[in-house]
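Note sheet for the following structure.
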There are 2 protein chains.
Amino acid sequence: MLEPDVFSALANPVRREILMQLRKGPRAVNDLASGFDLGRPAVSEHLQVLRKARLVREEPRGRERYYHLDPRPLSEVDDWLKAFTHYWKQRLAALGDVLDEEARK
Amino acid sequence: MLEPDVFSALANPVRREILMQLRKGPRAVNDLASGFDLGRPAVSEHLQVLRKARLVREEPRGRERYYHLDPRPLSEVDDWLKAFTHYWKQRLAALGDVLDEEARK
DNA sequence: TTGACGCGTCGGATATTTCCGACGTATCAA
DNA sequence: TTGATACGTCGGAAATATCCGACGCGTCAA
């Protein structure tokens with residue numbers, strides 16, 4: 001793990017799911033781990049990867065550690081994808097689907 | 001490689017660079033490989049991963065194989081990121097930078 | 001103070017990734 | 001046809017990823 005890059009952090013489905021969970025608010029490690037078919041050490045090690053990629057931040061609270069989402073490094077992925085957006089957006093025809101979906105929010 | 005998912009395909013910097021190269025048009029394998037500090041078999045195996053993730057398509061042309069970019073599976077990553085976009089976009093203040101950059105094209 | 005809890009991390013097992021040289025196949029040029 | 005070229009893939013080496021049980025440390029509740 002010499003280079004804690006964001007792309008590698010996202011390569012694992014467990015880590016992606018952890019990030020999804022953390023959207024709803026900070027969570028303690030045991031609480032997170034109970035949602036997976038994994039032992040606590042494994043989850044703890046996934047959190048270490050996410051920490052090194054700066055995608056999560058830890059907040060000690062008594063004997064627990066609450067992990068917070070920090071989505072900012074995801075912008076690196078988003079920026080990278082922008083180089084390709086042009087290509088696949090062409091195929092969506094100018095139906096305004098995207099705008100409609102935005103307006104519906 | 002039981003599950004050729006797009007996230008894993010993007011985890012490797014060589015594969016990301018291959019996709020970048022292919023934006024400019026289809027390329028033969030040796031042509032691609034010459035741009036990396038890697039042997040041809042390695043590049044060929046990276047192309048296999050990209051093929052299984054359906055990010056590239058091969059077009060035999062005589063004894064060469066031209067690889068074409070197919071960026072459509074990238075929309076899966078884009079969609080996943082959308083679940084987080086809201087979070088980091090909040091921090092970019094409403095300066096309209098994005099719109100300006102779009103207008104400049 | 002004591003025992004239970006929450007957590008990180010280590011040692012080690014296993015699986016996967018990444019790379020290469022070697023080989024076989026198909027295609028080209030002469 | 002013959003030799004060179006372009007490529008995929010295999011066997012194996014080395015590195016990395018993933019997971020677990022065990023251990024140690026700090027914190028809490030009694």
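Predicted model, so just to flag it, every value in this text is computed and none were measured. Residue numbers start from 1 in every chain, and the chains themselves are labelled A, B, ... in the order their sequence lines are given, proteins ahead of strands.
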Under 3.5 Å, which donor-acceptor pairs link side chains of residues 25-32 of chain B to any protein atom two or more places apart or in another chain?
from    : atom 1 : to      : atom 2 : distance (Å)
B:Arg27 : NE     : B:Asp31 : OD2    : 2.7
B:Arg27 : NH1    : B:Gln21 : OE1    : 3.1
B:Arg27 : NH2    : B:Asp31 : O      : 3.4
B:Arg27 : NH2    : B:Asp31 : OD1    : 3.4

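Contact check, A:Ser44 against C:dG8: a side-chain N or O comes under 4.0 Å of OP1 or OP2. Close to C:dT9, at under 4.0 Å from its OP1 or OP2, lies a side-chain N or O of A:Gln48. One finds a side-chain N or O of A:His46 lying less than 4.0 angstrom from the OP1 or OP2 phosphate oxygen of D:dC19. Dashed line: the shortest gap from a side-chain N or O of B:Asn30 to OP1 or OP2 of D:dT5 is not under 4.0 Å. Applying the 4.0 Å criterion to OP1 and OP2 of C:dG6, one finds that A:Tyr67 has every side-chain N and O outside that range. At least one side-chain nitrogen or oxygen of A:Asn12 sits closer than 4.0 Å to the OP1 or OP2 atom of D:dT18.
Between the CD1 atom of A:Ile18 and the P atom of D:dT18 there is a distance of 11 Å, rounded to whole Å. Regarding B:Phe7, its CZ atom lies at a distance of 19 Å from the C1' atom of C:dT17, rounded to whole Å. Across the protein-nucleic acid pair, A:Lys52 atom NZ and D:dA17 atom C1' stand 13 Å apart, rounded to whole Å. Between the P atom of D:dC7 and the CG atom of B:Leu47 lies a distance of 10 Å, rounded to the nearest Å. If you measure from atom CZ of A:Arg65 to atom P of D:dT27, you get 10 Å, rounded to the nearest angstrom. Counting to the nearest Å, the P atom of C:dC5 and the CG atom of A:Asp31 are 16 Å from each other.
When distances are taken from the side chain of B:Arg15 to each of C:dG8, C:dT18, D:dG8, the shortest belongs to C:dT18.
Between A:Met20 and B:Ala83, the shortest heavy-atom contact is CE-CB, 3.9 Å. Across A:Glu76 and A:Phe7, no two heavy atoms sit closer than the pair OE2-CE1, 3.9 Å. Minimum heavy-atom separation, A:Ala53 to A:Asp5: CB-O, 4.4 Å.
Checked by atom type and distance alone, the side chain of A:Arg23 never pairs as donor or acceptor with a backbone atom of A:Leu69 at under 3.5 Å.
Few gaps surround CG on A:Asp79; more than 12 heavy atoms of other groups in view lie less than 6.0 Å from it.
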**Prompt:** How does protein contact run along nucleotides 20-30 of chain C, one letter per nucleotide 5' to 3', with B for base contact, S for sugar-phosphate only, - for none, heavy atoms under 4.0 Å?
**Reply:** BBB----BB--
